[in-house]
Each structure stands twice: as structure tokens, then as C-alpha cells.
Amino acid sequence: MDKINKDAVAILKYVGGPQNVNSLVHCVTRLRFELKDSHKIDEKKLNDLSCVLSIVHTGGQDQIVIGPNVAEYYDIIQQKLAANKQTDSTKSPEANSSNKVKFSLTKIISGAFMPLLSIMSGAGMVKAILTVLTSLHWLSATSTPYLVLAAAGNSVFYFLPIFVGITLAKEFKADPFVGGALGAALLEPSFTHLIGKHGLNFLGMPLDPIDYSTTVFPIFVIIGAYVILERLLKRIIPQQLQIFLNSTICLIILVPATVLIFGPFGNTVGNWISTIIMWLFGKSRLVAGLVLGASYSFLTVLGLHWGLVPITLQNLKIYGGDVIGGVGVCAFWAQIGVALGAFLYSLIKSKNPKLESLAGSVTVTGIFAGVTEPILYGLIMPSKRLIIITAIAGGLGGAVSASLHVVVKSFLIDNIFSILMMMYEPIGFMILGSGTALLTGALLTYFWGFEKSTKK
């Protein structure tokens with residue numbers, strides 16, 4: 001521990017000292033610094049430290065690769081930064097103006113979902129176990145034990161807007177509990193009771209309530225608006241009134257704005273996308289499969305995939321099969337392929353036990369339960385390379401499946417059991433398309449998905 005403490009102090013010194021640090025977070029293996037002046041880094045002395053595997057500059061961050069015990073270094077450095085907090089508060093106006101946090105999309109997504117990976121993986125494993133038990137007819141889906149355990153497995157995913165509201169607000173240095181409350185308002189029973197009802201209005205404006213459970217795009221929008229509004233309120237409201245007035249105003253303005261504007265806008269965009277997709281299927285199945293397969297995972301992130309659901313249900317009713325699901329399953333297996341590739345990379349190349357454990361667990365939950373949120377939000381979205389790989393793998397698999405007229409026969413959750421139960425046809429072509437996506441995702445992730453680290 002003495003050596004870790006000594007090396008942590010040295011790292012802080014060689015990045016320019018506490019006064020040069022705007023913020024610090026860590027991920028699975030890296031210390032992610034946001035520095036005032038990156039030129040103050042002494043890379044030679046950092047690389048001479050035995051604990052430092054490499055230094056990476058990306059996304060406005062200076063990242064120091066430590067390995068699976070990165071949290072120990074992070075805790076020590078944070079203590080040193082906290083000790084210098086009072087000194088930081090005496091910075092000149094010029095320094096304050098340069099201390100504005102630099103945001104990038106991947107950094108924001110990483111900050112929002114990285115703290116949730118452990119619980120998402122655990123809840124996903126619960127769902128996977130239940131799926132196996134019910135598929136083997138060892139447990140009834142209507143039994144009390146199933147329903148209790150299903151509540152445990154579904155909790156984090158159903159209430160995802162609340163959790164993301166908290167972590168995202170923290171990422172923007174705003175009040176995390178207001179962020180959580182904004183997400184909770186979208187799931188509060190008084191509001192959810194209105195879903196499905198027509199002819200509603202809010203102060204004379206038409207209101208069309210939708211289901212926000214498991215979604216993330218609306219909460220990203222509402223937290224972005226909250227951060228801007230909160231900073232404005234801090235300027236104009238006396239400090240002694242801010243403790244209650246800021247949150248009151250934010251809730252009164254932003255919750256109605258979400259249900260009146262942000263959510264319905266997402267639904268409208270989803271409907272536009274579904275119209276374009278079906279038009280593409282009418283022109284060229286190969287192109288439609290390529291486009292939908294490449295984009296489907298990211299439509300899910302934005303919550304725009306709900307616009308495809310009415311068409312899926314209509315296709316199942318009229319034709320007995322749905323081409324959208326036949327392509328969407330390839331996007332699912334592309335994500336599994338990325339997770340599998342990350343697992344193999346950590347096992348064989350990087351020898352990183354923490355990444356190996358994470359990638360292994362999310363691969364299992366994806367295959368058996370069809371839960372890919374930990375893969376999507378924890379592995380793929382924070383990495384530009386893995387986003388590209390997911391799009392390529394899903395697009396290639398989707399092109400194969402669409403060209404060969406693969407359809408799903410019912411509205412389902414994609415997992416290994418939906419294949420074993422022959423819920424797709426032709427099943428052989430479905431396996432070909434999904435296998436293409438899986439192998440492409442795994443191979444590209446293994447060979448290209450991670451930046452090379454120079455190890456001593």
C-alpha cells in the first residue's frame with residue numbers, strides 16, 4: 001500500500017500537480033484526467049513509474065492506464081485533490097474561465113453509465129437465471145418466487161431514467177437528487193396512469209403520455225435542460241432561497257416540458273424512421289437490412305425503436321411474420337459479439353481481470369436473458385471504436401437476413417431460447433445472418449476494438 005500511495009502522489013505531481021487538475025474520474029483500467037494545461041504533463045517520468053502501462057490523450061482527456069487496481073490510485077489522488085480544494089477556490093478570474101469542463105459525447109455517456117455497470121450486470125444475471133428456469137419449466141412465470149425475483153431483475157432497467165438522472169447530473173456537476181427526481185416523475189403512478197388515454201391536455205396544451213420506463217434519451221434531454229436552467233437560476237436567485245426555490249422551479253418547468261415536448265418529439269421521430277425503413281424495404285431489402293441493422297442498436301439508445309413496434313405488430317397480424325425483427329435480431333447478436341470479443345481480448349491479450357469479469361458477465365446475461373443494456377451502455381457507447389464495430393456487424397448481419405427474407409413469428413425478446421424455440425424463419429438463414437453479426441463483432445473487437453497499450 002505504501003508503494004501505491006507513493007506512486008499515486010507521483011502521478012498527481014507529474015500531471016502538473018493538484019492545481020492543474022480540473023476533474024478526475026476512473027473507468028475499468030484508467031485514470032481519466034481533465035487538465036487545465038496538458039503540456040504540463042511529464043510523460044517521461046510517468047512512463048518510468050512501474051504502475052503506469054501507457055498514456056492516452058483522447059476526447060479532451062489525458063488518460064493514464066493503470067490496470068484493474070486503478071480505484072486504489074484514484075482514491076488516494078482524490079484525497080490529495082480534496083486537500084487542495086481551498087487553494088483551488090482562490091483562483092483568479094482568468095483561471096476560473098479556463099476551468100470550464102470540456103464535454104464530449106463519449107465522456108458524458110461513460111460518466112452516466114459506468115457507475116451503473118455493476119448493478120446492471122447483477123440484475124441482468126437475475127433475469128438470465130429466471131429465463132433459464134422458466135424455459136426448462138422448473139419455475140412458473142406466474143409463481144410468487146418468480147414474480148419476486150423478476151422485480152429484483154427488472155428494477156434497475158425499469159427505473160433506468162432515475163438512475164441515469166442521478167449519474168448524469170453528477171457528471172454535469174449538478175444536484176444528482178434533482179436529476180433523479182426528474183427521472184422519477186416520468187415513472188410516478190399518477191403520470192403512468194395516464195398512459196394510453198386520449199384527449200388529455202395540460203393547461204390547454206394537448207398531452208399524449210408515453211411510457212418512459214427503460215428509456216434513456218428523454219432523461220438525457222431533460223438533464224441537459226436542467227443543467228442550463230439551474231445555472232441560470234443560481235445567477236438570478238438569492239443564495240439563501242436557492243436551497244428550495246431552484247429545485248421547485250426546475251421540477252415545475254422541466255417535467256411538463258418533457259411530457260409535452262421531449263417525449264412526443266421522440267415518438268414522432270421514431271415514426272418518421274419507421275416510415276423510411278419500410279420504404280427502403282420496398283426498394284431494396286439488402287440496403288434496408290444494412291441500414292436498419294447498423295442503426296437498430298442506437299435507435300434503442302435513443303428510444304426511437306418504439307416507432308417500429310406498431311409496424312412489427314401489424315406485420316405479425318397480417319403476414320404472420322415481421323422483417324424488422326428479422327433484422328433487429330442481428331443487431332442484438334452484434335452486441336453479443338462485441339461483448340464476447342471484449343472478453344476474449346481481456347482474457348488473452350490485456351490480461352485484465354476486471355474487464356474480463358465485466359465482459360464475461362454481460363455476455364452471459366445477453367445470451368440467456370436478452371439483456372444487452374450493460375453491453376450497450378457500459379462497453380459500446382463510451383467507445384468510438386466499438387460504436388463503429390457494432391454498426392458494421394449489425395449492418396452486415398442485417399443485410400444477410402433481409403436479403404434472405406428472415407422474419408420473426410411473434411413479438412419476442414431475442415436470446416438463445418428464441419432460437420431454440422424456432423421463433424424465426426427460415427431458421428437456417430436467421431442463424432447465418434445473426435452468426436455473421438456475432439463473428440464480425442467479436443473479431444473486430446478483438447483485433448481492433450481497443451487501443452494498444454505499451455507494457456513494460
Side-chain angles (χ1 to χ4, degrees), residues 113 115-167 177 180-197 209-216 218-219 300 303 305-306 309 312-313 316-317 322 325 328-329 332-333 335-336 339 357-378 408-424:
F113 290 105
L116 303 176
L117 281 186
S118 176
I119 184 59
M120 289 176 73
S121 299
M125 285 299 295
V126 173
K127 291 170 70 71
I129 293 170
L130 289 176
T131 302
V132 172
L133 292 177
T134 52
S135 298
L136 296 175
H137 302 291
W138 291 353
L139 188 65
S140 169
T142 59
S143 66
T144 301
Y146 176 90
L147 296 174
V148 171
L149 293 175
N154 292 330
S155 58
V156 65
F157 301 109
Y158 181 87
F159 293 105
L160 199 56
I162 299 176
F163 291 101
V164 174
I166 293 171
T167 57
F177 298 106
L182 291 169
L186 305 178
L187 303 172
E188 200 273 333
S190 297
F191 174 74
T192 57
H193 178 70
L194 299 176
I195 296 174
K197 295 184 177 180
I210 63 176
D211 185 2
Y212 291 96
S213 63
T214 74
T215 63
V216 295
I219 196 63
T300 303
H305 65 300
W306 294 114
V309 171
T312 292
L313 296 175
L316 290 172
K317 181 178 180 180
D322 173 51
V329 66
F332 166 79
W333 286 105
Q335 295 174 52
I336 300 295
S357 174
L358 172 63
S361 66
V362 298
T363 301
V364 171
T365 59
I367 291 174
F368 288 100
V371 177
T372 59
E373 284 90 347
I375 301 173
L376 195 55
Y377 300 134
V408 296
K409 297 191 291 184
S410 69
F411 196 78
L412 49 75
I413 296 176
D414 296 308
N415 55 38
I416 189 66
F417 297 105
S418 59
I419 299 177
L420 297 177
M421 295 176 183
M422 302 289 189
M423 301 305 295
Y424 311 88

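Throughout, residue positions are numbered sequentially from 1 according to the sequence presented.
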If you measure only the distance, is there a donor-acceptor pair under 3.5 Å linking the side chains of S418 and Y424?
yes

Next item on the list: Check whether any side-chain heavy atom of L116 lies under 4.5 Å from a side-chain heavy atom of V164, and answer yes or no.
Entry: yes

Are the side chains of V364 and M125 in touch, meaning some heavy atoms are under 4.5 Å apart? yes

Check your understanding: Counting only heavy atoms not in L147, do more than 12 sit closer than 6.0 Å to its CG atom?
Key -> yes

In short, V371 meets K127 closest at the heavy-atom pair CG2-CE, 3.3 Å

P161 and Y212 have their tightest heavy-atom pair at CG-O, 3.3 Å

In this structure, OG1 of T134 is separated from CD1 of I129 (nearest 0.5 Å) by 11.5 Å

* To do: Answer whether the closest heavy-atom distance between the side chains of M423 and S410 falls below 4.5 Å.
  => yes

Nearest heavy-atom approach of A123 to G153 is CB-O, 3.4 Å

Scanning both residues in full, the closest heavy-atom pair of P145 with L139 reads CB-CD1, 4.3 Å

Output for pair (S213 OG, I195 CD1), nearest 0.5 Å, gives 7.0 Å

Start with the C-alpha gap between L187 and I162, add the side-chain angles, then the distance that decides, and say whether side chain to side chain contact (heavy atoms under 4.5 Å, CB included) holds.
CA-CA 9 Å; L187 303 172; I162 299 176; 4.1 Å; yes

Requested in this report: State, yes or no, whether a side-chain contact exists between F417 and I367 at a heavy-atom distance under 4.5 Å.
Outcome: no

Taking every heavy atom of G325 against every heavy atom of D322, the minimum-distance pair comes out as N-OD2, 2.8 Å

- Query: Does the side chain of Y377 reach to within under 4.5 Å of the side chain of L160, using non-hydrogen atoms?
  - Reply: yes

- Message: Take a 6.0 Å sphere around CZ of F177 and say whether it holds more than 12 heavy atoms from other residues, nucleotides or ligands.
- Response: no

Closest non-hydrogen contact found for I210 with F191 is O-CE2, 3.7 Å

So OG1 of T131 and CD1 of I413: to nearest 0.5 Å the spacing works out to 7.0 Å

Distance col, row S140:OG vs L133:CG, nearest 0.5 angstrom, shows 11.5 Å

Distance col, row I375:CD1 vs Q335:CD, nearest 0.5 angstrom, shows 6.5 Å

pair N415-F368: side-chain heavy atoms closer than 4.5 Å: no

Do side-chain atoms of N154 reach the backbone of F157 as a donor and acceptor pair under 3.5 angstrom? no

